[in-house]
Amino acid sequence: MRRMTTAADMLATGFATLPDLIRAHAVERGDRTAVADARGSIDHRTLDAVMDRVAAALQRDGVAPGSAVAIVAAPTTDYAAVFLGAVRAGCVATPIAPSATAAAIAAMIADSGAPVVFLDLENARALEEQTLSARPILFSREGGSPDWAPAFAGEHSFQAFADWLAPSQAKPTPVAIAPEDPFNIIYSSGTTGTPKGIVQSHAMRWAHVSRNTAAGFDTAVTMIATPLYSNTTLVSFLPTLGWGGTVVLMGKFDARAYLELARRYRATHTMLVPVQYQRIMALPDFDSFDLSTFRFKTSTSAPFSAALKADVVARWPGVLVEFYGMTEGGASCALNATANPTKLHTVGQPMPGHEIRLIDDDGNEVAPGEMGEVVGRSPAMMNGYHGRSEATRDAEWHDAEGNRYIRHGDVGRFDEDGFLTLMDRKKDLIISGGFNIYPSDLEAVLARHPAVADCAVIGVSSEAWGETPVGFYVPRADAIEDAASILAWANGQLGKTQRLSALHIADELPRSAIGKVLKRELRDRLAGAAA
């Protein structure tokens with residue numbers, strides 16, 4: 001049988017590893033830019049070579065296949081090469097959010113068991129007083145000590161990345177990789193408690209790459225404006241490189257800077273979270289930017305209002321697709337908003353090979369048309385939570401045939417055409433006086449008020465009702481209405497059992513790096529004010 005060595009051959013098989021695909025692209029399109037950041041860019045040939053040097057250095061240091069390799073840094077070409085080089089060595093890429101507290105970062109590094117952690121200067125400073133369980137490697141373009149040298153607590157001293165990296169032309173010992181082997185660990189945001197390490201396999205990442213046959217990633221210039229520690233980002237970042245396209249990494253997001261960068265690189269693809277679309281579309285001069293090269297825009301991770309989808313479809317060239325899913329896997333839905341203007345209130349239909357069922361509180365499937373908790377299964381499902389078998393079991397549901405599903409934590413309903421409408425996160429459901437209140441319903445009403453730029457609703461304890469809904473809103477710059485008048489207006493639009501008991505002004509809503517409102521912080525804010 002002819003050995004399959006070209007990227008096209010690999011992509012036509014049932015399984016290929018991302019490092020092997022990148023190696024094939026290095027041969028076939030080596031001069032094409034692979035990754036660009038604010039400092040410059042590297043082509044596919046260079047990316048492949050640096051991945052080899054990273055993998056060889058890990059092997060030199062005795063970092064065994066299956067070991068976690070932690071990264072705490074802003075997105076750069078070096079970050080990309082370390083992430084992918086670790087995977088080439090058979091290790092488990094473990095990107096960690098720099099936005100977490102120093103203590104939480106140190107705890108996640110320890111939880112992963114990583115023997116080595118890659119840091120940029122800013123995050124090395126933030127972690128200086130922490131006892132690190134992993135040997136720190138400091139991203140730098142030159143060898144030796146920087147002007148400021150971190151002195152970490154514990155036994156580990158740092159080494160500069162340029163000094164640590166294996167020599168040019170170094171080649172690692174090839175590592176056999178099976179589909180079920182772990183590819184990466186993604187730590188949950190921790191918005192509801194201690195972050196859990198979500199273990200994702202090579203098979204799951206292959207599913208993300210292979211399902212994008214029609215997306216045109218082979219000629220893509222993909223704008224990445226969300227962090228590389230998020231699965232939201234990786235589902236665009238990895239397929240782009242797997243198909244041989246170009247990734248443009250943006251640092252801190254700014255709406256106008258994003259448009260200028262997209263125009264400069266003649267971007268064709270992007271993944272943005274809804275709050276980023278909102279900020280971009282609100283720019284007064286948005287329509288003056290030439291975005292005609294865009295072919296494919298996606299969004300995920302947070303509620304995306306129908307009105308905002310319609311605005312993007314109307315004014316931004318290219319197809320808009322919303323994806324609904326979760327880092328743990330389960331099943332995904334896709335909504336081609338461009339082709340389905342009457343379904344913009346939904347998150348679309350299950351993707352091919354993905355299955356979603358709706359269950360009640362007792363774990364029984366609900367009747368067609370009824371609301372239920374979303375559970376899903378597909379080729380893209382996590383292995384489990386790292387070191388937490390009980391939490392893994394709690395996240396699973398099995399049907400009568402024993403098939404494994406992942407609980408999504410959302411409540412939804414299918415319409416007669418098979419499109420899924422999400423009601424809310426199950427944990428955010430407010431039960432007031434025995435009635436179920438979905439915060440998203442109340443938020444949708446608040447968002448219609450012309451003085452409201454952003455809003456969120458949470459449930460708080462109530463002696464009279466058990467729980468009661470309380471709202472927060474960010475006023476528009478030109479707003480003249482006060483909170484009391486907006487509260488009265490909103491309650492006039494809501495049913496008697498849904499009415500808000502209070503409405504608070506906020507300068508901004510607390511959000512994660514991928515745009516999710518951190519409702520736990522809003523609850524803490526109220527508790528602190530009452531103390």
With sequence neighbours excluded, what pairs up with Asn340 under the side-chain contact (heavy atoms from CB on, under 4.5 Å) test?
Leu335, Asn336, Lys343, Phe419

Would you say Ile458 and Pro469 make side-chain contact, with heavy atoms under 4.5 Å?
no

What distance do Arg393 atom CZ and Ser389 atom OG have between them, rounded to the nearest 0.5 Å?
4.5 Å

Which of Thr94, Thr327, Asp111 passes side-chain hydrogen bond (donor to acceptor under 3.5 Å, both in side chains) with Tyr187? Answer is Asp111

Parallel, tilted or perpendicular: which fits the ring planes of Phe472 and His504, with parallel below 30° and perpendicular above 60°?
tilted

Can you sort out the partners of Glu365 under salt bridge (Lys or Arg N to Asp or Glu O under 4.0 Å), two or more places apart, ordered by chain and number?
Arg357

Could you name each residue pair satisfying side-chain hydrogen bond (donor to acceptor under 3.5 Å, both in side chains) that touches residues 293-305, not counting sequence neighbours?
Thr219-Arg295, Thr232-Ser301

Does Ser432 use its side chain to pair, donor to acceptor, with the backbone of Phe435 at less than 3.5 Å?
no

Please determine, by modelled atom types, if Gln498 and Tyr438 share a side-chain donor-acceptor pair under 3.5 angstrom.
no

Does a side-chain heavy-atom distance below 4.5 Å link Val374 with Val411?
no

Contact between Thr268 and Met223 at the side-chain level, heavy atoms closer than 4.5 Å - yes or no?
no

With a 4.0 Å cut-off on N to O distance, would you call Arg388 and Asp394 a salt bridge?
no

Would you call Glu443-Lys519 a salt bridge at under 4.0 Å N-O?
yes

Which of these passes side chain to side chain contact (heavy atoms under 4.5 Å, CB included) with Arg211: Pro379, Pro352, Ser332?
Ser332

Which word best sums up how the rings of Phe294 and Trp316 line up, parallel for under 30°, tilted for 30 to 60°, or perpendicular for over 60°?
perpendicular

Does one side chain, of Tyr405 or Glu355, offer a donor that lies under 3.5 Å from an acceptor on the other?
yes

Yes or no on salt bridge (charged side-chain N to carboxylate O under 4.0 Å, His left out) for Glu373 and Arg407, after CA distance, side-chain angles and deciding distance?
CA-CA 8 Å; Glu373 179 186 353; Arg407 293 178 178 267; 3.0 Å; yes

Is it true that a side-chain atom of Asp360 and a backbone atom of Gly363 form a donor plus acceptor pair closer than 3.5 Å?
yes

Is the ring pair His202/Phe183 parallel, tilted or perpendicular, if the boundaries are 30 and 60 degrees?
perpendicular

Could you tell me if the ring centre of His408 sits under 6.0 Å from that of Tyr324?
yes

For Val366 versus Gly372, what's the shortest heavy-atom pair and its separation?
CG1-CA, 4.2 Å

Nearest heavy atoms of Glu396 and Arg404, plus distance in Å
OE2-NE, 2.6 Å

Heavy atoms of Pro75 and Leu249 approach each other most closely as C-CD1, 4.0 Å

Answer yes or no: is there a donor N or O on one side and an acceptor on the other, between the side chain of His354 and the main chain of Cys333, under 3.5 Å?
no

Is it the case that the side chain of Thr240 and the backbone of Phe217 share a donor-acceptor pair, with hydrogens and angles ignored and the cut-off at 3.5 Å?
no

If we ignore angles and hydrogens, is there a donor and acceptor under 3.5 Å between the side chains of Thr468 and Ser501?
yes

Using a distance-only test with no angle check, is there a side-chain donor-acceptor pair under 3.5 angstrom linking Thr226 and Thr233?
yes

Could you check whether Asp410 pairs with Arg425 (Lys NZ or Arg NE/NH1/NH2 to Asp/Glu carboxylate O, under 4.0 Å)?
yes

Using a 3.5 Å distance criterion without hydrogens, assess whether the side chain of Ser230 forms a donor-acceptor pair with backbone atoms of Pro227.
no

Side-chain donor or acceptor of Thr33 paired with backbone N/O of Val35 under 3.5 Å
no

Salt bridge check: are Glu322 and Lys309 linked by an N-O gap of less than 4.0 Å?
yes

Indicate yes or no for a side-chain donor-acceptor contact from Arg32 to the backbone of Gly244 under 3.5 Å, with no hydrogens or angles considered.
yes

Among residues at least two apart in sequence or on other chains, which ones pass ring pair (Phe, Tyr, Trp, His ring centres under 6.0 Å) with Tyr265?
none

Calculate, to the nearest 0.5 Å, the distance between atoms CD and OH belonging to Glu328 and Tyr385 respectively.
3.5 Å

To the nearest 0.5 Å, how far apart are CD1 in Ile437 and CG in Asp428?
13.0 Å

Who pairs with His449 by ring pair (Phe, Tyr, Trp, His ring centres under 6.0 Å), at least two apart in sequence or on another chain?
Trp489

Side chains of Asn231 and Gln200: do they bring a donor and an acceptor to under 3.5 Å?
yes

Taking the side chain from Ser236 and the backbone from Met271, do they hold a donor-acceptor pair closer than 3.5 Å?
no

So how far is it from Thr421 OG1 to Met371 CE, rounded to the nearest 0.5 Å?
11.0 Å

Do the side chains of Arg413 and Asp424 get close enough for a salt bridge, i.e. N-O under 4.0 angstrom?
no

Qualifying residues under salt bridge (Lys or Arg N to Asp or Glu O under 4.0 Å), relative to Arg476, sequence neighbours excluded:
none

Please tell me if the side chains of Val452 and Pro475 come closer than 4.5 Å, counting only heavy atoms from C-beta onward.
no

Any donor-acceptor N/O pair, Asp285 side chain to Ser288 backbone, under 3.5 Å
no

Heavy-atom side-chain contact between Ile198 and Ile185 under 4.5 Å:
no

Minimum heavy-atom separation for Ala207 and Ala380, please, with both atom names.
CB-CB, 4.2 Å

